[in-house]
Amino acid sequence: MSRHDFAPSEFDRRHARVRAAMKREGIDLLIVIHPVNINYLIGTRHKAYQEFQCLFFTLEKAPPVMLTRLSEVWEVTNESLSKDVRGWGGREPQDPIDVFKRIVREKGYGKRRIGLEVPRYYISVEEYLAIKDFLGPALKKNATLLIEELKFVKSPAELAYIRKAVTMADAAVGTFVKTAKPGRTELQIAGEMHRTLMSLGSDTPASPMNFVSGPRTAYAHGMPTERTLKRGDYIQVEYGAAYKRYCTTLGRQAVMGKPTPRMREIYQVVRDACDACIETIRAGVPAVEPHKAAKAVIAKAGMDRYRLHTTGYGIAPGFPPLWGETIQMFPGSPYTLEAGMVLSIEPPVFIAEEGLGCRIIDNVLVTERGCDILSKSTRDLIEL
């Protein structure tokens, strides 16, 4: 995302919703750490997620202060809504928390009621403990999910970007079908698929492509290797496309030649589980219900112990290493589906002792009456 990617009114609505949530939670300063949430508020696609950064967002309408690496300051200044961008490090080693403290003192933020995001991957234990100790009683709330939950329902502008990414992902299926030949390696085919994605305007995916063939199809997240495709291979490919950081994910199952009866059986169980999950999805349904439907299909086939991965989750703008949202369909999920949510559907079967696995992945848009499958590429078992 960039401030140029959306109309000012879109950002105004986001700011108003976040401030309303802050008021409900009793905080008047939100320290935003997650790069997706930073970009949701100020619009910037800069690469700084592997180092400490944060956005100071106040309850009143005041210019947000951004702290990031010194090397990213000029990009953030040009591409985001924040015009008060501070940098740390770069020329010489520097502890970013020292700069964080200096900003808090300068702005008088220590006198406020503060909510702090503590997302996985984007803040270290040492940084969190140092901030917690420094803020003391001013730190009132773990606000990790405050913005996250506001983003589940996508705006029309966001959905347009997701649909654009879907066309790129679909095109890469066609490339896979054309280039997957005996004697070619997984890496060679994956390279052609990446070429298609990038040439059509896809951002670099937030998570690496999974490409497994032969006995490697029992791997849930195997990346492409130098393994050469052979006749009779079962093949599974999963990847993401992204447009202005808005993601779509796609997974397809194929076989080099004619499938064995067991390959067909495993594929059909997974396909039926996906279909049962999709048929359950509509606004107002508890998020766990689609999972229950998919699980029942796999369990009836006697394969539940091979169901080694989530049924599905929300899809978001993606920054490495993730493109998913915290909304899950697993038991215990507190969420209810709403129109405008975009979900990944992917109940799998991975059978290690047989060296066989299958996962079909589609993204769906939740509607009042059901859901729409966004991808137009075939969901059938692809015979190459």
Side-chain angles (χ1 to χ4, degrees), residues 173 207 210-222 233-240 248-255 259-282 285-315 323-337 341-366 370-375 377-383:
V173 174
S207 181
N210 298 325
F211 191 123
V212 288
S213 62
R216 298 184 72 244
T217 56
Y219 298 169
H221 296 102
D233 277 348
Y234 216 22
I235 306 168
Q236 180 207 333
V237 59
E238 174 199 356
Y239 56 94
T248 187
T249 57
L250 196 61
R252 292 296 182 254
Q253 196 76 16
V255 60
T260 66
R262 183 60 165 166
M263 288 176 179
R264 285 193 183 277
E265 178 188 15
I266 294 171
Y267 164 80
Q268 196 60 55
V269 168
V270 171
R271 173 67 179 269
D272 291 346
C274 289
D275 290 347
C277 181
I278 290 169
E279 289 171 6
T280 308
I281 293 173
R282 65 181 54 82
V285 170
V288 69
E289 294 302 318
H291 164 74
K292 290 179 179 177
K295 178 180 178 180
V297 171
I298 296 173
K300 185 177 180 181
M303 298 184 186
D304 197 49
R305 68 191 180 100
Y306 303 125
R307 187 180 49 82
L308 306 179
H309 191 268
T310 178
T311 295
Y313 48 85
I315 290 294
W323 50 43
E325 294 174 322
T326 55
I327 181 170
Q328 289 274 356
M329 301 182 197
F330 273 166
S333 172
Y335 299 111
T336 298
L337 301 183
M341 289 180 172
V342 178
L343 307 172
S344 176
I345 307 302
E346 50 186 89
V349 167
F350 300 110
I351 309 176
E353 55 266 38
E354 297 182 40
L356 291 172
C358 178
R359 178 162 50 192
I360 304 165
I361 300 175
D362 281 288
N363 295 168
V364 301
L365 171 64
V366 181
C371 69
D372 296 331
I373 300 176
L374 298 178
S375 172
S377 61
T378 182
R379 300 171 66 233
D380 295 340
L381 179 60
I382 300 169
E383 298 183 21

> Any side-chain heavy-atom pair from V173 and Y239 closer than 4.5 angstrom?
Replying inline: yes
> If only atom types and distance count, is the side chain of S333 paired as donor or acceptor with the main-chain N or O of Q328 below 3.5 Å?
Replying inline: yes
>> How close do I298 and V349 get, counting heavy atoms only, and between which atoms?
In response: CG2-CG2, 4.2 Å
> What are the two closest non-hydrogen atoms of V342 and L374, and how far apart are they?
Replying inline: CG1-CD1, 4.1 Å
>> For G357, is there any backbone N or O sitting under 3.5 Å from a side-chain donor or acceptor partner on Q253?
In response: yes
>> Just verifying a value: how many Å separate I361 CD1 and H309 NE2, rounded to the nearest 0.5 Å?
In response: 7.5 Å
> Is there a side-chain contact between P290 and V285 (heavy atoms, below 4.5 Å)?
Replying inline: yes
> Charged N to carboxylate O under 4.0 angstrom, R282 versus E289?
Replying inline: no
>> The criterion is side chain to side chain donor-acceptor pair (under 3.5 Å); which residues satisfy it with E238, sequence neighbours excluded?
In response: N210, R359
> For the residue pair I351 and A218, what are the closest heavy atoms and their distance?
Replying inline: O-CB, 3.7 Å
> OG1/T336 to CE/M341 distance, rounded to the nearest 0.5 angstrom?
Replying inline: 8.0 Å
> What heavy-atom pair brings G214 and D233 nearest, and what distance separates the two atoms?
Replying inline: CA-OD1, 3.6 Å
> Among all residues two or more places apart in sequence or in another chain, which pass the ring-ring contact (aromatic ring centres under 6.0 Å, His included) test with Y335?
Replying inline: F152
> Quick one: which of I278, I315, N363, I281 gives a side-chain contact (heavy atoms from CB on, under 4.5 Å) with L343?
Replying inline: I281
>> What's the separation between atom NZ in K295 and atom OG1 in T311, rounded to the nearest 0.5 Å?
In response: 9.0 Å
> Tell me, do Y313 and E346 make a side-chain contact under 4.5 Å, heavy atoms counted?
Replying inline: yes
>> Could you tell me if the side chain of I345 sits less than 4.5 Å from the side chain of M329, heavy atoms only?
In response: yes
> Does D362 come within less than 4.0 Å of R252, counting only side-chain N to carboxylate O?
Replying inline: yes
>> Could you tell me if the side chain of M303 sits less than 4.5 Å from the side chain of I266, heavy atoms only?
In response: yes
>> Just to verify, what does F330 make a ring-ring contact (aromatic ring centres under 6.0 Å, His included) with, not counting sequence neighbours?
In response: H291
> Would a distance-only check, ignoring hydrogens and angles, find a side-chain to backbone donor-acceptor pair under 3.5 Å from R271 to R379?
Replying inline: yes
> Got a second to check how far I235's CD1 is from F211's CZ, nearest 0.5 Å?
Replying inline: 5.5 Å
> Between atom CD1 of I382 and atom OG of S377, what is the distance when rounded to the nearest 0.5 Å?
Replying inline: 7.5 Å
>> Can you give me the closest heavy-atom contact between T280 and A293, atom names plus distance?
In response: OG1-CB, 3.4 Å
>> If I compare all heavy atoms of C371 with all of V364, which pair ends up nearest, and what's the gap?
In response: SG-CB, 3.9 Å
>> Test your reading of the model: is there a side-chain donor-acceptor pair from Y234 to the backbone of M263, 3.5 Å cut-off?
In response: yes
> Is any side-chain heavy atom of Y267 closer than 4.5 Å to a side-chain heavy atom of D380?
Replying inline: yes
